[in-house]
Amino acid sequence: MKILVVCQYFDPENFQINDICQSLAANGHAVTVLTGLPNYPTGRVPKAYRHGRKRDETLRGARVIRCFEIGRKKGAVGLALNYLSFCISAWFVAGRLADDFDLVFVYQLSPVLMGIPGRRYKKKHRVPMLLYCCDLWPESMKLIVKSERSILFRMMKKISGTVYRSCDKILVQSRYFFPYFQSVHRIPASNLVYLPQFADELQAEKIERQENGVTDFVFLGNVGIAQHLERIVAAVDQLRDVKGFAVHIVGDGSGLAALKQLVQEKQLGSFIKFYGRRPPEEMPEFYRLADACLVSLDHACLIGLTLPSKVQG
């Protein structure tokens, strides 16, 4: 098949869509990826991709077409500009693509707006669209926009429903997404398919635990609002008189600076250690270190129904 993959994020950004496209290409499919400029999570576009360079390249056996995108910035406005810039530019590019694809596959992380370019191609050329939902929208907005009555939330709910109802099938990575799609977006159960995310092959290797006399808790992944790691800091603060444990934060994200500041203010640096963003090949190191891995999501909204891909790892 000739498959048009739409996702705002792609290699060199580290998401599972990279491996999915590589596998599809290895299985004989002709894969074209419509994506943005790499800048996640720092917001800085590498020099090699600036000023119109490397907008059409081959990676992981797929043709990669890069659309203009404003780098991520802190705060709601910065994120909105990032999301909208990709959506608009990819919408125009999708409209210019030839009638050459058998299927549109949208790998939908945040935001749901990345589904709009895929929907345009589907409508124009009358091909099926498959969407893999890894983040619930507009539910994810509640981390920033608290009220469902706000104009912005209601507008995004309408857009989200339009994108989701345009799909021929929606793949969901958590069974708890089923009632949400059925009740909020009126998606029939026959259009929903449960497909759990996968673990990297590096994580399938047998890993021997390193005994060091300390109970080590390891958090791996995005450090953002949704992860609500302030609760972990609060728990450590209550246990500061207990000896022989440590918490290791491995990852980066919009909430990292504030989290580091909180740890410093509470003088918990001897308990909580930060490692920043690390490449996948270093992950076995941290699994060997861990007595337990931490998975956290904010329970204040239904985003807590998401099953992060690190769980499979």
Side-chain angles (χ1 to χ4, degrees), residues 1-26 29-73 78-98 100-122 124-125 127 129-135 137 140 159 163 166-167 171 173 197 222 252-253 277 280 309:
M1 297 178 69
K2 291 184 176 180
I3 304 173
L4 175 63
V5 176
V6 182
C7 183
Q8 186 170 343
Y9 315 101
F10 196 70
D11 200 349
E13 295 165 321
N14 186 27
F15 290 92
Q16 290 196 342
I17 187 59
N18 303 342
D19 295 318
I20 291 172
C21 288
Q22 184 172 332
S23 181
L24 288 171
H29 301 289
V31 180
T32 297
V33 183
L34 190 63
T35 189
L37 301 177
N39 68 94
Y40 180 91
T42 63
R44 296 188 296 273
V45 177
K47 287 182 180 179
Y49 289 91
R50 296 177 194 169
H51 311 300
R53 290 175 292 183
K54 297 182 76 170
R55 298 300 168 96
D56 196 330
E57 59 180 335
T58 300
L59 288 171
R60 296 178 178 258
R63 181 189 178 192
V64 181
I65 300 172
R66 297 196 182 272
C67 305
F68 171 75
E69 177 182 342
I70 297 171
R72 297 168 66 92
K73 299 291 187 295
L79 273 180
L81 289 173
N82 173 255
Y83 294 165
L84 286 170
S85 60
F86 171 74
C87 176
I88 293 168
S89 62
W91 187 86
F92 280 107
V93 173
R96 296 197 300 266
L97 292 175
D100 204 30
F101 296 101
D102 303 307
L103 171 74
V104 177
F105 174 45
V106 179
Y107 188 80
Q108 186 246 304
L109 302 157
S110 280
V112 73
L113 296 176
M114 66 180 71
I116 293 176
R119 181 177 182 271
R120 185 182 193 195
Y121 189 91
K122 169 197 165 67
K124 183 176 181 180
H125 299 293
V127 297
M129 184 165 86
L130 179 71
L131 182 143
Y132 193 3
C133 179
C134 301
D135 282 308
W137 273 73
S140 294
I159 292 171
V163 170
S166 297
C167 301
L171 306 176
Q173 47 87 293
Q197 298 190 75
N222 183 47
D252 198 357
R277 192 173 181 83
S309 60

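Below, all heavy atoms of this structure are taken into account, side chains as well, without hydrogens, waters or symmetry copies. As the structure is a computational prediction, the values presented were derived from the model and not from experiment. We number each residue from 1, following the sequence as shown.
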**Item:** Within 45° cone and under 6.0 Å: Lys2 NZ/CZ vs Phe101 ring
**Value:**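 Geometry flag: not set, cation outside 6.0 Å or 45°.
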
**More than 12 heavy atoms of other groups within 6.0 Å of Arg44 CZ** =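 Counting neighbours around CZ of Arg44, 12 or fewer heavy atoms of other residues, nucleotides or ligands fall under 6.0 Å, so no.
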
Considering all heavy atoms of both residues, which atom of [X] and which atom of [Y] are nearest to each other, and what is their separation?
X: Met129; Y: Ser166; value: CE-CB, 4.2 Å
X: Cys21; Y: Val33; value: SG-CG2, 3.8 Å
X: Gly253; Y: Pro41; value: CA-CB, 4.5 Å
X: Cys134; Y: Leu109; value: CB-CD2, 3.7 Å
X: Cys133; Y: Gln108; value: SG-OE1, 3.4 Å
X: Val163; Y: Gly115; value: CG1-CA, 4.0 Å

**Prompt:** Below 6.0 angstrom between ring centroids: does that apply to Tyr9 and Tyr107?
**Reply:**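 No.
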
**Request:** Given side-chain contact (heavy atoms from CB on, under 4.5 Å), test Leu103 with Leu130 step by step and report yes or no.
**Result:** CA-CA 8 Å; Leu103 171 74; Leu130 179 71; 4.3 Å; yes

**Message:** Has Ser23 got a side-chain atom pairing as donor or acceptor with Ile20's backbone, closer than 3.5 angstrom?
**Reply:**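 Pair absent, no side-chain N/O of Ser23 close to backbone of Ile20.
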
Please tabulate, for side-chain N and O atoms in residues 59-71, each donor-acceptor pair with protein atoms closer than 3.5 Å (sequence neighbours left out).
from: Arg60; atom 1: NE; to: Asp11; atom 2: OD2; distance (Å): 2.8
from: Arg60; atom 1: NH1; to: Asp19; atom 2: OD1; distance (Å): 3.1
from: Arg60; atom 1: NH1; to: Gln22; atom 2: OE1; distance (Å): 2.8
from: Arg63; atom 1: NE; to: Asp56; atom 2: OD1; distance (Å): 3.2
from: Arg63; atom 1: NE; to: Asp56; atom 2: OD2; distance (Å): 3.3
from: Arg63; atom 1: NH2; to: Asp56; atom 2: OD2; distance (Å): 2.6
from: Arg66; atom 1: NE; to: Glu57; atom 2: OE2; distance (Å): 3.0
from: Arg66; atom 1: NH1; to: Gly36; atom 2: O; distance (Å): 2.9
from: Arg66; atom 1: NH2; to: Asp11; atom 2: O; distance (Å): 2.5
from: Arg66; atom 1: NH2; to: Glu57; atom 2: OE2; distance (Å): 3.3
from: Glu69; atom 1: OE1; to: Leu37; atom 2: N; distance (Å): 3.1
from: Glu69; atom 1: OE2; to: Gln8; atom 2: NE2; distance (Å): 3.2
from: Glu69; atom 1: OE2; to: Asn39; atom 2: ND2; distance (Å): 2.9
from: Glu69; atom 1: OE2; to: Asn82; atom 2: ND2; distance (Å): 2.8

